Structure formats: structure tokens, C-alpha cells
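To keep things clear, I will list the structure first and then write my remarks on it.
Not measured: the values here are computed from a predicted model. Note that the numbering runs from 1 along the sequence shown for the chain.
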Amino acid sequence: MRAAARLPALREPAFRNLFAGQALSRLGDRIAPVALAFGVIDSGGSAADLGLVVAAGTIPFALFALAAGVWGDRIPRRRVMIGSDAVRAVVQVVTGLLLITGNAEVWMLAALAAVYGTGDAFFWPAMNGLLPETIESDRLQEANALLGGTQSASNILGPVIAGVVIAVADPGGAILLDAATFVGSIFFLLRIAPGALGAGARDGDEEGFFEQLRGGWREVRSRTWVWTGLIALGAYHVIVLPAVFVLGPILSERELNGASSWAIIVAGFGVGSVIGQVLIYWLPFRRPMRASMIGFVIASSQAAIIGSGLPVAAIAALEALTGVAVSIAFTLWETSLQQHIPSRALSRVSSYDFTASAGLMPIGLALAGPLSDAIGLHTTLRLMSLVGIASALACLAVPAVRELARPEEGGRARDALDLARADE
């Protein structure tokens, strides 16, 4: 309650419950990957086996995100989220028990990861659609900053907690802890009073599934700032982020001090992302998409920074600046969608967001290594940043992106904007 007094967004009971559940769940989301990696290794798996398990968990975003967006607009979003949490909790219980008992095999872990990833794909479009139903529109930026802050903090704390739990209770115990966070999320979702959720989805009874699927694309296509933003989002995930996930550790191993250097760099980024969310909470952005694209321009320099040859401390400091930019870019993008897209279509439009990011990122992850082998590590890193920066600048040059304004304060502006188009 003291936190609610200091942070106005937490004064609204519906959002407060959503925030509490997500704070738990997102922490578990950062514990689980570390535990799963060690679980695969302890089960006798190779690096290729670990890649198979990770791919099995990410591919469902590309396959199911668009369909998940339709269901997020057809039925109550809270119901979709509870169902997703329940599926993922069961998957993690089974995975944890298999690891603890020593019965886990790589194919089992891959199959369970695919089920988990499918549940994950259904959760996020519904989550993006539910958030504006729990808080007034003029508090949306603050709400997204708080949720982003939990993500940033989890990125720092999750691996640390995972390491401790793995040391005490092996990887299976850490996976079971993640399962418990999903149960906690369900508990808090059930505490949200149905009356606080607004009208929710409205089209499910009038339109069929495929008509709604086509309708989601029409909503994206009719707004230049949305499909332009998706280009920047896709470029960042497919071109820039593989530098962080694939080439960064390789460079640290070859040219720096290995894992310890990479840990310092990642920690620097994490601290910056937390600072970014604090800034977003307190600073108004009257042209949020303009600020978001500037954020993507700065964030796209990550690859070049990693390959700059600077001392580790300098790289970590610059990565902290990109962490601030990443927080601004993503939080303002999500806030813009929630404030300008009508509630009836928000989950479907958000599903394109996740398809362009999580759905397409495996392509970049798969190509980063071979490209680096072909043209050189440092050349690849510079090229990644160059293409990412150029893509973000091209999107920033679009008038519909630069001029999109934050809605006037007061009430849930998305309903008033039901038929509005930013291009008009």
C-alpha cells in the first residue's frame, strides 16, 4: 500500500493485481532458461541438443502468434491468460520432476518446450490487450514502465536466483520454482474483478475466426505508423539482437576474459534498462513513436559497441546507454498500441508485434554464426548495427511515425479512437 501511495498507477486495484502476478511470473521466466540449459546438459545433451530444445520453445511464436491474437479478441483475455499460465505451470511441473528423477531425455524436454512455447504465444497478445482494461489511459505509460521495470529487474535477478537454486536443488528444482510463479500469476488474475475489465472482446459472436484474422491485418495495414514500426521491430530482432545472444559471447571468449567479461557487459545493459523504465515512469512523451524510433536507433548500435575493441568497462557503460534506449523504444511502442488501437482489435494487432519479434528472431540467430564465419566477426557486428540503425532511421523519417501524439488525458482514450487512424 505504501508503494501504491508513491506510484499512482498502483492505486488501481485491477492493475495492482496484474502487476503483482507479472512481477512473479517474469522473474520465473528468467530463472527457467538458465535451469533448462543446465538440465539439458545434466541429461547428457550436447550444445546441438540444447539448441534443439531452445528452438522448440521459440518456433511456436512464429506458428501461433497470429491465431493467438484472434482468440485474445474473441474471448475474455483474462481467461486466455489463466489458461496459458495453467498450461505452462503443468509443463514446468512435468519438466522439473523429469529432471529431478533423472528420467529426462532430450526429446521429452523438446516436446515440453514446444507446448510451453505455444502457451507463451497465446499469453502475450492477450496480456497486451488486457492491460488497458485495468487502468486509465493517462496512466498507461506509467503502467508499462512498471511492468517493464519488473522485466528489467528480472533479467538481473533471475539468473542469480537460478544459480543458487540449481546449486541447492538441481535444475529441476529451479524449474519447479518457475511453475510456482505461474500459480501465483493465476491467483492474482483471479483477484481482478470482472467489472474492472471493460467490455473486452466484442467481435467474437459477429465474425468468424478467419474473418477476424483478416480484420487484424486490416487494422495493421490501415495505420502507417503501425506497419512501419513493425519493420523497425523486426530489423532489431532479426539483425541486431543476434549480436547479443550469439556473437557477443563468442567475442568475449575469443578476445576478452570469457564469461566474466560478458557478465559485466550484460549487467551494464540490465542496469541501463532499469534506469530507462524509471525515466519512462516520470517523464511525459508527447510524441511517443518519435521517441521510440530514436530509441531503436541508439539500441541498434549494440552490435558495433560489442565489437568496438574498447575495454570491458567502457563497453558495459555504453551498453547501459543502449539499455536505457531499449526500455524507451519498447515501452513507448507498446503504450502507443494500447492507446491508439481499439480494444476489440488490440490482441490481434499485438500478435503482429510478437510475430515480428519473437517469431522472426530465430532466423537471425541461425544466420549470425555462419555470416560471422564468412565475413569476419567484427565486420558482421558493424554490419548488424549499420543495417539496424538504417532501418530505424528510415522508420523515423515517416511523418505518421514522427507526428503520432499521445492522446489527451482522461478516460480510456482507445474507445474514443475506435475508428480513428493516425494517418488521417
Side-chain angles (χ1 to χ4, degrees), residues 33-34 36-38 40-41 45-59 61-62 110 155 159 231-270 272-273 296-323 325-326 329 355-394:
V34 178
L36 185 60
F38 282 96
V40 172
I41 294 170
S46 63
D49 292 329
L50 178 56
L52 173 64
V53 174
V54 173
T58 56
I59 288 174
F61 264 102
N155 289 340
I231 292 174
L233 202 73
Y236 180 74
H237 281 85
V238 175
I239 298 169
V240 179
L241 275 186
V244 178
F245 295 127
V246 178
L247 301 185
I250 292 175
L251 183 140
S252 294
E253 183 64 32
R254 291 180 184 176
E255 302 180 12
L256 302 175
N257 293 321
S260 60
S261 294
W262 186 241
I264 293 171
I265 293 169
V266 172
F269 178 87
S273 65
F296 276 119
V297 171
I298 298 171
S300 295
S301 66
Q302 282 177 274
I305 290 170
I306 291 170
S308 63
L310 292 170
V312 172
I315 294 175
L318 291 173
E319 283 293 292
L321 293 177
T322 66
V326 167
T355 300
S357 53
L360 296 181
M361 191 165 64
I363 297 174
L365 296 175
L367 295 178
L371 181 61
S372 173
D373 292 339
I375 66 175
L377 180 58
H378 287 270
T379 300
T380 302
L381 289 168
R382 288 192 292 268
L383 182 62
M384 284 174 157
S385 276
L386 181 62
V387 175
I389 291 171
S391 299
L393 286 173

Legend entry - Which residues share a side-chain contact (heavy atoms from CB on, under 4.5 Å) with V244, sequence neighbours left out: L241, W262, Q302, I306
Legend entry - V246 versus G369, closest heavy-atom pair with distance: CG1-N, 4.4 Å
Legend entry - A299 versus T322, closest heavy-atom pair with distance: CA-CB, 4.4 Å
Inset, instruction - Quick one: pull up CD1 in I363 and CD1 in I239 and give me the separation to the nearest 0.5 Å. - result: 11.0 Å
Inset, instruction - Would you give the length of the straight line joining atom CG of L247 to atom NE2 of H378, rounded to the nearest 0.5 angstrom? - result: 10.5 Å
With a cut-off of 3.5 Å and sequence neighbours excluded, list every side-chain donor-acceptor pair involving residues 381-392.
{"residue": "S385", "atom": "OG", "partner": "S300", "partner atom": "O", "Å": "2.7"}
{"residue": "S385", "atom": "OG", "partner": "S301", "partner atom": "O", "Å": "3.4"}
{"residue": "S385", "atom": "OG", "partner": "A303", "partner atom": "N", "Å": "3.3"}
{"residue": "S385", "atom": "OG", "partner": "A304", "partner atom": "N", "Å": "2.8"}
{"residue": "S391", "atom": "OG", "partner": "V387", "partner atom": "O", "Å": "2.9"}

Inset, instruction - Check whether any side-chain heavy atom of I305 lies under 4.5 Å from a side-chain heavy atom of L321, and answer yes or no. - result: no
Legend entry - Closest non-hydrogen atom pair, A110 against V53: N-CG2, 4.1 Å
Legend entry - Qualifying residues under ring-ring contact (aromatic ring centres under 6.0 Å, His included), relative to F269, sequence neighbours excluded: none
Legend entry - Heavy-atom pair of closest approach, residues H237 and M361: O-CG, 3.3 Å
Legend entry - Value rounded to 0.5 Å, distance of CG in L251 from CD1 in I315: 7.0 Å
Inset, instruction - With sequence neighbours left out, write down each residue that passes ring-ring contact (aromatic ring centres under 6.0 Å, His included) with F61, or none if nothing qualifies. - result: none
Legend entry - Nearest atoms (heavy-atom pairs only) where P242 meets A368: CB-CB, 3.8 Å
Inset, instruction - Report the residues that fulfil side chain to side chain donor-acceptor pair (under 3.5 Å) with T380, sequence neighbours left out, ordered by chain and then residue number. - result: none
Legend entry - Heavy-atom pair with the smallest gap, counting every atom of T58 and P362: OG1-CG, 3.8 Å
Inset, instruction - Quick one: list whatever passes side-chain contact (heavy atoms from CB on, under 4.5 Å) with A314, sequence neighbours left out. - result: L310, P311
